[in-house]
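By convention in this document, chain letters (A, B, ...) are assigned in the order of the sequence lines, proteins followed by strands, and residues within each chain are numbered from 1.
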Amino acid sequence: MLDLKFVRENPDKVREAMELKGEPADLDHLLEYDQERRALLQEVEALKQLRNRVSKEIGQGGLRGGELDQKKEEMRQVSDKIKMMDEQLRQIEAAQEQILLRLPNLPDAAVPPGKDEADNVEVRSWGKPPRFSFEPLPHWEVGERLGILDFPRAGKITGSRFALYRGEGARLERALVNFMLDLHTREHGYQEIFPPFLVNAASMTGTGQLPKFAEDAFRVEGTDYYLIPTAEVPVTNLHRDEILEAEALPLYYVAYSACFRAEAGAHGRDTRGLIRQHQFNKVELVKFVKPEHSNEELEKLVQDAERVLQLLGLPYRVMLMCSGELGFAAAKKYDLEVWLPSAGVYREISSCSNFSDFQARRAGIRYRPAPGQKAQYVHTLNGSGVAIGRTVAAILENYQQEDGSVVIPEVLRPYFNGRSHITAP
RNA sequence: GGAGAGAUGGCCGAGCUGGUCGAAGGCGCACGACUCGAAAUCGUGUGUGCCCGCAAGGCACCGUGGGUUCGAAUCCCACUCUCUCCGCCA
């Protein structure tokens with residue numbers, strides 16, 4: 001959320017941001033409501049002042065019979081009027097809030113302007129795509145031949161866009177979760193969190209999923225609970241409505257969670273394999289930092305995510321997202337894209353964003369810069385460290401052998417009793 | 001699921017027979033005094049948001065939402081959450 005005062009004073013900047021991001025919102029009405037609200041507020045506050053003053057007079061007991069009754073009657077009418085105006089005010093404020101919650105964050109100055117992924121900028125790449133002496137198969141075929149992925153059964157049990165892992169496949173998924181958690185907690189200084197997978201509407205609003213993207217989330221019928229689309233939601237909201245001590249910053253958290261996405265509007269895209277699922281696993285990195293450090297913290301966050309892919313030996317590139325690809329809440333974002341040999345393309349496997357104070361303002365996450373000073377909003381960041389399902393896909397494809405087996409990356413072998421291959425039973 | 005207790009400022013905690021309560025007291029914190037310096041001690045100060053604005057000022061907030069009243073932290077109703085006990089249960 002943007003600061004209303006900032007919006008009022010810099011409507012052009014807000015408009016520019018909406019255009020750059022392709023995230024339109026009703027700024028004109030917001031500004032109208034703002035004017036209306038302030039005028040009404042002055043009126044009603046004058047009435048409240050009057051009521052407070054007269055009520056105090058009455059309380060002091062100086063008034064006698066007729067005069068007392070007259071004042072009470074007057075104030076009764078004033079109160080009625082106040083009640084009406086307060087209700088009006090409440091409606092304006094609610095309408096205003098709805099628009100304000102739909103205004104996108106401003107892009108960071110370093111973000112390249114652009115419309116779609118063609119305008120993203122490659123920052124660096126790592127590793128070389130492997131050469132095959134045979135035609136590499138897509139990961140779902142590798143997995144199905146090995147008997148470790150079973151999409152037909154997942155479809156029977158639940159429906160499309162769900163996966164079932166079996167045997168070494170299930171173990172691979174679990175190994176990756178543990179490997180990533182171990183790496184980030186032991187070597188990168190993150191504290192492990194295991195959060196609830198269901199959150200309330202306030203939390204979804206705090207990180208920006210609501211109100212704008214309600215159709216992307218699964219909601220539990222008859223409740224106020226949503227299945228989390230990412231651990232970012234519970235972990236960022238961990239400090240909702242809190243004032244943190246300056247010495248406590250920066251805070252680094254890492255969390256494994258299942259993630260649930262309705263994938264509304266994704267009909268026909270990535271219908272096969274593990275790339276786009278309604279439920280997938282992810283290890284997420286979340287940071288709370290002082291505003292002046294957020295961009296350097298983003299760089300470190302990206303490197304922490306890259307480390308996962310490097311240790312797994314998976315070729316990838318780092319892309320700086322252009323304004324149009326930034327999304328609603330981010331000020332700056334990098335994607336890590338991993339090489340998928342079967343399609344011959346790089347696919348997103350991690351997304352690392354600096355949200356500046358956008359989420360912090362929504363969620364009321366502040367810190368006190370120095371004792372006695374006014375609390376101000378922290379900056380929040382998060383990034384996948386990394387998505388598990390897509391990592392499985394990348395491993396199956398990059399490490400597949402001509403005989404149908406898959407080499408287990410060395411760092412994962414401790415989780416496989418030292419074994420080096422996944423082979424068909 | 002049943003019964004009871006509670007929710008107050010950065011934290012703890014009074015107030016809850018309605019007005020003198022934005023709220024005692026303590027802790028914490030800031031500044032000052034004392035000191036070579038520090039601790040201890042003493043003094044002063046210290047919530048948030050909004051409106052107006054040169055300044056002064058005003059309004060709101062005591063879990064949330066309603067109600068009663070000239071006036072509500074205080075009374076009434078509903079809801080949420082926390083704790084205790086009982087039941088059920090992985």
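- On the P atoms, B:C11 is 33 Å away from B:G2, given to the nearest whole Å.
- Salt bridge status for A:Asp304 with A:Lys300: absent, with no side-chain N to carboxylate O gap under 4.0 Å.
- With salt bridges taken as basic N to acidic carboxylate O contacts below 4.0 Å, none links A:Lys48 and A:Glu45.
- B:G58 and B:U20: their P atoms are spaced 15 Å apart (whole Å).
- Summary of the strand contacts: A:Asp3 and A:Val54 both lie near RNA chain B, and taking for each the nucleotide with the nearest heavy atom, the more 5' one is attributed to A:Asp3.
- Atom CD of A:Glu93 and atom P of B:G49 are 16 Å apart (whole Å).
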Contact letters for nucleotides 58-69 of chain B, in which S counts primed atoms plus P, OP1 and OP2 and B counts the base, heavy atoms under 4.0 Å: BBS-------S-

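- The A:Tyr225 side chain lies nearest to B:C81 when the options are B:C70, B:C51, B:C81.
- Taking atom P on both B:G13 and B:G66, the two are 29 Å apart, rounded to the nearest angstrom.
- Residue pairs meeting the salt bridge (Lys or Arg N to Asp or Glu O under 4.0 Å) criterion with at least one member in residues 156-183 of chain A, sequence neighbours excluded, are A:Asp150-A:Arg166, A:Glu168-A:Arg171, A:Glu168-A:Arg419, A:Asp182-A:Arg186.
- Among B:C52, B:C50, B:C70, the nucleotide with an atom closest to any side-chain atom of A:Lys5 is B:C50.
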Which side-chain N or O atoms in residues 98-112 of chain A pair as donor and acceptor under 3.5 Å with protein atoms at least two apart or in another chain?
unit_1: A:Gln98; atom_1: OE1; unit_2: A:Arg102; atom_2: NH1; d: 2.9
unit_1: A:Arg102; atom_1: NH1; unit_2: A:Gln98; atom_2: O; d: 3.2
unit_1: A:Asn105; atom_1: ND2; unit_2: A:Ala329; atom_2: O; d: 3.0
unit_1: A:Asn105; atom_1: ND2; unit_2: A:Phe355; atom_2: O; d: 3.1
unit_1: A:Asn105; atom_1: ND2; unit_2: A:Ser356; atom_2: OG; d: 3.0
unit_1: A:Asp108; atom_1: OD1; unit_2: A:Asn295; atom_2: ND2; d: 3.0
unit_1: A:Asp108; atom_1: OD2; unit_2: A:Ala110; atom_2: N; d: 2.9

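- Nucleic acid contact class of A:Arg361 (heavy atoms, under 4.0 Å, all strands): none.
- Distance check, rounded to the nearest 0.5 Å: NZ of A:Lys332 to CG of A:Leu381 gives 10.5 Å.
- Mapping A:Ile243 and A:Arg8 onto RNA chain B via the closest heavy atom, the residue that lands nearer the 5' end is A:Ile243.
- When the P atom is used for both B:G57 and B:G19, the distance is 26 Å, rounded to whole Å.
- Electrostatic pairing of A:Glu242 and A:Arg366 does not count as a salt bridge here, judged by no charged N lying under 4.0 Å from a carboxylate O.
- Scanning RNA chain B for stems, defined as runs of 3 or more consecutive Watson-Crick or G-U wobble pairs whose donor-acceptor distances all fall under 3.5 Å, gives the following ranges: B:1-7 with B:80-86, B:10-12 with B:25-27, B:28-33 with B:41-46, B:47-51 with B:57-61, B:63-67 with B:75-79.
- Across B:U41 and B:C79, the matching P atoms stand 49 Å from one another, rounded to whole Å.
- To the nearest whole angstrom, the two P atoms, one in B:G67 and one in B:A72, are 12 Å apart.
- Contacts classified as ring pair (Phe, Tyr, Trp, His ring centres under 6.0 Å) and involving residues 365-398 of chain A (residues at least two apart or in different chains) are not found.
- When rounded to the nearest whole Å, the span between CD of A:Gln373 and P of B:C31 equals 11 Å.
- Spacing of C1' atoms, B:G18 relative to B:G10, comes out at 30 Å, to the nearest Å.
- Applying the salt bridge (Lys or Arg N to Asp or Glu O under 4.0 Å) test to every pair with at least one member in residues 257-270 of chain A, sequence neighbours left out, gives these pairs: A:Glu263-A:Arg276, A:Asp270-A:Arg276, A:Asp270-A:Arg347.
- Just one residue in the list A:His239, A:Glu192, A:His184 forms a side-chain hydrogen bond (donor to acceptor under 3.5 Å, both in side chains) with A:Tyr253, and that residue is A:His239.
- Within the 4.0 Å cut-off from OP1 or OP2 of B:C29, not a single side-chain nitrogen or oxygen of A:Arg368 is found.
- Rounded to whole Å, the C1' atom of B:C34 lies 8 Å from the corresponding atom of B:C42.
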